[in-house]
Every structure is written in structure tokens, then in C-alpha cells.
Amino acid sequence: MQRMSWKQSAISGLLFAVGISLWDLFRHSPEMGELATRFAFSFVTFTVGYRFILNRLARREAQDR
């Protein structure tokens, strides 16, 4: 497994945040401010968390070799 770059995790975070925002938009129809806040929170949380977890797994796999 290769280490994940910030660019790769940001693209994944963007796709996740768009999906979550669209889901919330069609399910609850929130106001635009609330939707923007949820988008920003989802994007940052997923981007950082996804990169951290995948890089941790890649490091652990490299140590096992």
C-alpha cells in the first residue's frame, strides 16, 4: 500500500462532502448556511481522517515486511 498524498485525500474528501451535502439537501432541505457548515466540516474531517488512517495502515504494512 502506498502513502496517500494531501491531493488524493482532498479529492476523496471533496467527493464525500458533496455526497453528504446532497444527501442532506434532498433529505432535510436545510438553509444554505447550515449546508455550507456541514460541507466544510465533512470535507475537513474526512480529508484529514482518511489520510491519517490510510497512511497509518501503509506505515504498519511497511514495518511488517
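In what follows, residues are counted from 1 in the order of the sequence shown. None of these values were measured; they are calculated from a predicted model.
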Exercise. If you measure from CZ on Arg56 to CZ on Arg3, what distance do you get to the nearest 0.5 Å?
Worked result: 10.5 Å
For this session: Tell me whether Met4 is reachable from Ile11 by hopping between hydrophobic residues (I, L, V, M, F, W, Y) whose side-chain heavy atoms are closer than 4.5 Å.
Result: no
For this session: Treating Ile, Leu, Val, Met, Phe, Trp and Tyr as nodes and any side-chain heavy-atom pair under 4.5 angstrom as an edge, say whether Phe39 and Leu15 lie in one connected cluster.
Result: no
Problem set entry | Derivation and outcome, side-chain contact (heavy atoms from CB on, under 4.5 Å), residues Val48 and Trp6 | CA-CA 8 Å; Val48 173; Trp6 280 109; 4.2 Å; yes
For this session: Step by step, work out the side-chain contact (heavy atoms from CB on, under 4.5 Å) result for Leu57 and Leu54.
Result: CA-CA 5 Å; Leu57 290 174; Leu54 286 183; 4.3 Å; yes
For this session: Check the hydrophobic clustering (I, L, V, M, F, W, Y; side-chain heavy atoms under 4.5 Å; chains of links allowed) and say if Leu35 and Trp23 are grouped together.
Result: no
Exercise. Where do Tyr50 and Ser12 come nearest, in terms of heavy atoms and distance?
Worked result: CE2-OG, 3.7 Å
Exercise. Should Gln8 and Gln2 be marked as a side-chain contact (heavy atoms from CB on, under 4.5 Å) after you check the CA-CA gap, both sets of side-chain angles, and the distance that decides it?
Worked result: CA-CA 12 Å; Gln8 291 171 323; Gln2 294 180 359; 5.6 Å; no
For this session: Could you tell me the separation between the CZ atom of Arg27 and the CD1 atom of Ile20, rounded to the nearest 0.5 Å?
Result: 9.5 Å
For this session: With rounding to the nearest 0.5 Å, note down the distance linking OG in Ser21 to CZ in Phe26.
Result: 11.0 Å
For this session: To the nearest 0.5 Å, tell me how far Glu34 CD sits from Leu25 CG.
Result: 11.0 Å
Exercise. Do the side chains of Leu14 and Val44 join up, straight or via other hydrophobic residues, at under 4.5 Å, putting them in one cluster?
Worked result: yes
For this session: Indicate the atoms forming the closest heavy-atom contact of Met1 with Glu61, along with that distance.
Result: N-OE2, 2.7 Å
Seminar exercise, completed: Nearest heavy-atom contact between Pro30 and Asp24 is CD-O, 3.3 Å
